[in-house]
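Down below is the structure, laid out as structure tokens.
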There are 2 protein chains.
Amino acid sequence: MGKQVTEMLKGTLEGIVLAILAGRAAYGYEITAWLRDKGFTDIAEGTVYALLVRVEQRGLVDVEKVPSEKGPPRKVYSLNTQGRDHLDEFWRTWSFLAERLEQLRTEGKQS
Amino acid sequence: MGKQVTEMLKGTLEGIVLAILAGRAAYGYEITAWLRDKGFTDIAEGTVYALLVRVEQRGLVDVEKVPSEKGPPRKVYSLNTQGRDHLDEFWRTWSFLAERLEQLRTEGKQS
DNA sequence: TACCAGTAGATAGTAACACTGAATAGTGGC
DNA sequence: GCCACTATTCAGTGTTACTATCTACTGGTA
């Protein structure tokens, strides 16, 4: 998908991951695989882990270490109350942006 | 609007400005004022100018210096063919992202 | 046994982008 | 002569995602 989506993901990827965690608890490897599956083909492995560390440090998620049948133990993340608030705020910001862009797009088609 | 929109604008602000220029030619001060008017209250002056320099260097816009009745001459930017292609690409990337986010949002509401 | 693929996470260094703050420069009004 | 408004430029900073690499555990296979 190239460089353009990379820049656009800055600020949105965090919201995407929090939205995933709002549905169910998940661990890094799982989230990365899910994103790949949804078409975010060029999200690097390390990116999600770094993001999870950030949101953990900011206290938006709770973490639980769960042993895996295959491979090292998983760090399972779940959204806490603060994270839920942050996600709400994210959706508000996203809506603001999406509305204005949609308006710009339709205006552009007219001219 | 705070820090969240700042990060989200990375990658999209360029598209927004190109979309504006697709409608009509404009200069930096004008674009900044327009954005402020549309609710992007915390976009700094310098930000738009820096962005315009970038897109000019990448050859997406044509520039014409126009004397102003009040103040120093304006640099009027207009979208060229390459810029139009880039804008199309931007809309494709944006759609990709917007679709997936919209899906995530509605899924989240179900659970 | 040795090696490799798959699973799972961590980390150091880099690039891109928007922000902050200040400087520069021109015009007109008080 | 100074201030407000218009208009652009630029140096320095912070955040974020990428690249590349390393660690570590399991199971299969040559």
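Per chain, numbering begins at 1; letters A, B, ... match sequence-line order.
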Proximity of B/F40 and A/F96 rings by center, below 6.0 Å: yes
Nearest-nucleotide comparison on DNA chain D, the residue closer to the 5′ end among A/L13 and A/P72: A/L13
Below 4.0 Å: OP1/OP2 of D/dT6 and any side-chain N or O of B/S68: no
Atom-pair distance (CZ on A/R36; P on C/dT7), nearest Å: 12 Å
Main-chain N/O of A/G59 paired to A/N80 side chain as donor or acceptor, under 3.5 Å: yes
Touch class at under 4.0 angstrom, heavy-atom based, for B/G11 against every strand present: sugar-phosphate
Touch class at under 4.0 angstrom, heavy-atom based, for B/T6 against every strand present: sugar-phosphate
Separation of C/dA8 P from A/K65 NZ (nearest whole Å): 14 Å
Minimum-distance nucleotide to A/A44 side chain [options: D/dT6, C/dA8, D/dC18]: D/dC18
Along DNA chain D (nearest heavy atom to each residue), the more 5'-positioned of A/K70 and A/G46: A/G46
Under-4.0 Å side-chain N/O to phosphate OP1/OP2 contact, B/Y49 with D/dC10: no
Phosphate OP1/OP2 of C/dC17 contacted by B/R54 side-chain N/O (<4.0 Å): yes
Gap between atoms CD and P, on A/E30 and C/dT7 respectively (whole Å): 12 Å
Interatomic distance, A/Q57 CD vs D/dG14 P [rounded to whole Å]: 17 Å
Candidate nucleotides D/dT8, D/dT16, C/dG9, ranked by approach to the side chain of A/R74 - the nearest: C/dG9
Atom-pair distance (OH on A/Y77; P on C/dA8), nearest Å: 14 Å
Touch class at under 4.0 angstrom, heavy-atom based, for B/E69 against every strand present: sugar-phosphate
Whole angstrom value for the distance that separates P of C/dA15 from CG of A/L9: 20 Å
Nearest-angstrom distance from the residue atom CD of A/Q4 to C1' of C/dA15: 16 Å
Under 3.5 Å donor-acceptor pair, B/K10 side-chain atoms to D/dA17 base atoms: no
Atom pair distance, as rounded to whole Å: OH in B/Y27 and C1' in C/dA25: 16 Å
Distance below 4.0 Å between A/K75 side-chain N/O and C/dA10 OP1 or OP2: yes
NZ/NE/NH1/NH2 to OD/OE distance under 4.0 Å, B/E14 and B/R58: yes
Donor-acceptor under 3.5 Å (B/R74 side chain, B/P67 main chain): no
Distance, nearest 0.5 Å, that separates OG1 of B/T81 from NE2 of B/H86: 14.5 Å
